[in-house]
*Asks:* 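Pasting in a structure now, in structure tokens, and then I'll have a few things to ask.
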Amino acid sequence: MSTVFIGNKEFFPGVKKIGYEGPGSDNPLAYKFYDADKKVGDKTLKEHLRFAVCYWHTFCGKGSDPFGGATQVFEWDQGSDPLTMATYRMDAAFELFSKLGVPYYCFHDRDLAPEGANVLESGKNLQHMVELAKERQDCTGTKLLWGTANLFSHPRYMNGAATNPDFTVLTHAAAQVKCAIDATIALGGENYVFWGGREGYASLLNTHTKRELDHLARFLQLARDYGRQQGFKGTFLIEPKPMEPCKHQYDFDAQTVIGFLRHYGLDQDFKLNIEANHATLAGHSFAHELRMAADAGLLGSIDANRGDPQNGWDTDQFPVDIYDAVLGMMVVLEHGGFTSGGLNFDAKVRRESVSMEDIFIGHIGGMDTFAIGLEVAHRILADGKLSRARDDRYASFDRGNGSRFESGELSLKDLHDLATNGVEPQAISGRQEWYENLVNQYILTSL
Ligand code: XUL
Ligand code: CO
């Protein structure tokens, strides 16, 4: 279980297993705050945070952007054929997972195995790579947080996958999802994710939105039924995002997805995978999206990253914002913590970060940020000062007529009569500044 590299080749020879050295360390390849076995409340940081590395940005993205090609040259790409390259990539991936000491990873089918000449060949490629992944999971102890199917990169999906106006394309998407669910089950994945990048529209003029949404729901029902028949006990997750690549995506934000899941009767099997940068693209905050999902009892998992406040696209940067991490982890902890979900870094190092060490440093920063976030959030909640003040704002609903209103005993006429016979309400301060200062005080006294 302690193996740090698997094949004949070590892809990150300059990096040893990353250890915890504490806040005073000046070693960039060490954790300053993430002390995996440290107990916070009744769980260790490792158990609370359930970190996962994403395969796509970390091993498949190479720094290209719409204006220029790859800047990052990886040794694992130097193979003679696609399957050999996929194997090198997998060896490099498991070396990084175990050197970081993360318990989980996540993949799209096409990250793991190359697309073949037809559906059957693609399925075979994936099965082959799944067998190799099984061996590597066993020997490093890394587990699969979730699998998914890439239903957005291939040109056939340009008009959508499950919401494509062409039924033939939908059958290809279904074939891919079936194989990706099989792969997830074979690897003991704890969740299965749907992110609908091209499930939306570019123009309302050529789109039957109602028909497309019905198709999407039917598609998800079939995937759910297949997964359950095959013995998948984990959680299906939908990852909201408002736009990019589509002008408008159906899974716009948490509340849109919650309404969709409930409308189509999918809310018993599906929860939400909230991504920080998707929240900001929808005009919300990370904590808002988490809170909406948690309030609905549908908070499943997190894709942790950040955007850039100066631009409006999905920059997928490693999270470093402690304030955001604190507010996010407060929601997760109040919700009782993760069950099958975890914290996946759907993040990539910058195009200009071309050294192998940068990949480790990005993850270390993200893990340290969320370790601080978790510890501060735990202190705030354990002290109870903030939650007590928040609860007190609603005290008038805890007794008398307020409580009778909550339990449905009063009519609109009753409320009218209470107002008529009562007094003008007193102005009560919302004290937002007090709450904000309190959070800062917890952060600064925790560091
Ligand atoms: C895209 C995105 C995806 C999903 C998985 O913005 O977040 O990587 O997480 O398909
Ligand atoms: Co994501």
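Both ligands and their constituent atoms are indexed starting at 1 by order of listing. The analysis underlying the following values was restricted to heavy atoms, covering all of them including side chains, and did not include hydrogens, waters or symmetry mates.
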*Asks:* Pairs of nitrogen or oxygen atoms closer than 3.5 Å, one from Glu275 and one from ligand 1: do any exist?
*Replies:* yes
*Asks:* Show the atoms of ligand 1 that are less than 4.0 angstrom away from any heavy atom in Asp314.
*Replies:* 6 (O)
*Asks:* Could you grab the distance from atom CD of Glu239 to atom CD1 of Ile274, nearest 0.5 Å is fine?
*Replies:* 8.5 Å
*Asks:* Nearest 0.5 Å, what's the OG1-CG distance between Thr280 and Asp314?
*Replies:* 8.0 Å
*Asks:* Give me the atom names and distance for the closest heavy-atom approach of Met329 to Leu49.
*Replies:* CE-CD2, 3.9 Å
*Asks:* Has His57 got any heavy atom lying under 4.0 angstrom from an atom of ligand 1?
*Replies:* no
*Asks:* Check ligand 1 against Asp303 and write out every atom of the ligand that is under 4.0 Å from a heavy-atom position of the residue.
*Replies:* 9 (O)
*Asks:* Inspect the contact between Lys99 and Glu10 and indicate whether a charged nitrogen and a carboxylate oxygen are less than 4.0 angstrom apart.
*Replies:* yes
*Asks:* With sequence neighbours excluded, tell me which residues meet side-chain hydrogen bond (donor to acceptor under 3.5 Å, both in side chains) with Ser203.
*Replies:* none
*Asks:* Within a distance under 4.0 Å of any heavy atom of Lys241, pick out the atoms of ligand 1 and give their elements.
*Replies:* 6 (O)
*Asks:* Before giving the answer on side-chain contact (heavy atoms from CB on, under 4.5 Å), spell out for Tyr192 and Ile185 the whole-Å C-alpha distance, their side-chain angles and the decisive distance to 0.1 Å.
*Replies:* CA-CA 9 Å; Tyr192 183 87; Ile185 295 173; over 6 Å; no
*Asks:* So which heavy atom in the protein is nearest atom 3 (C) of ligand 1, and how far is it from that ligand atom?
*Replies:* Asp346 OD2, 3.6 Å
*Asks:* Angle class for the Tyr55/Tyr105 ring planes (parallel below 30°, perpendicular above 60°, tilted otherwise)?
*Replies:* tilted
*Asks:* Which one holds for Glu244 and ligand 1: side chain close, backbone close, both close, or neither close, with close meaning a heavy atom under 4.0 Å?
*Replies:* neither
*Asks:* Give the minimum heavy-atom separation between Asn273 and Ile302, together with the two atoms involved.
*Replies:* OD1-N, 3.2 Å
*Asks:* Which protein N, O or S atoms does the Co ion (ligand 2) have within a distance shorter than 2.8 Å?
*Replies:* Glu239 OE2, Glu275 OE1, Asp303 OD2, Asp346 OD2
*Asks:* Answer yes or no: is there an ion pair linking Asp214 with Lys210, defined by an N-O contact shorter than 4.0 Å?
*Replies:* yes
*Asks:* For atom 5 (C) of ligand 1, what's the nearest protein heavy atom and its distance?
*Replies:* His108 NE2, 3.3 Å
*Asks:* With atoms numbered from 1 as shown, which atoms in ligand 1 lie under 4.0 angstrom from a non-hydrogen atom of Glu239?
*Replies:* 2 (C), 3 (C), 4 (C), 7 (O), 9 (O)
*Asks:* For the pair Phe370 and Phe51, evaluate ring pair (Phe, Tyr, Trp, His ring centres under 6.0 Å) and give the outcome as yes or no after the intermediate values.
*Replies:* CA-CA 10 Å; Phe370 272 90; Phe51 284 129; 7.1 Å; no
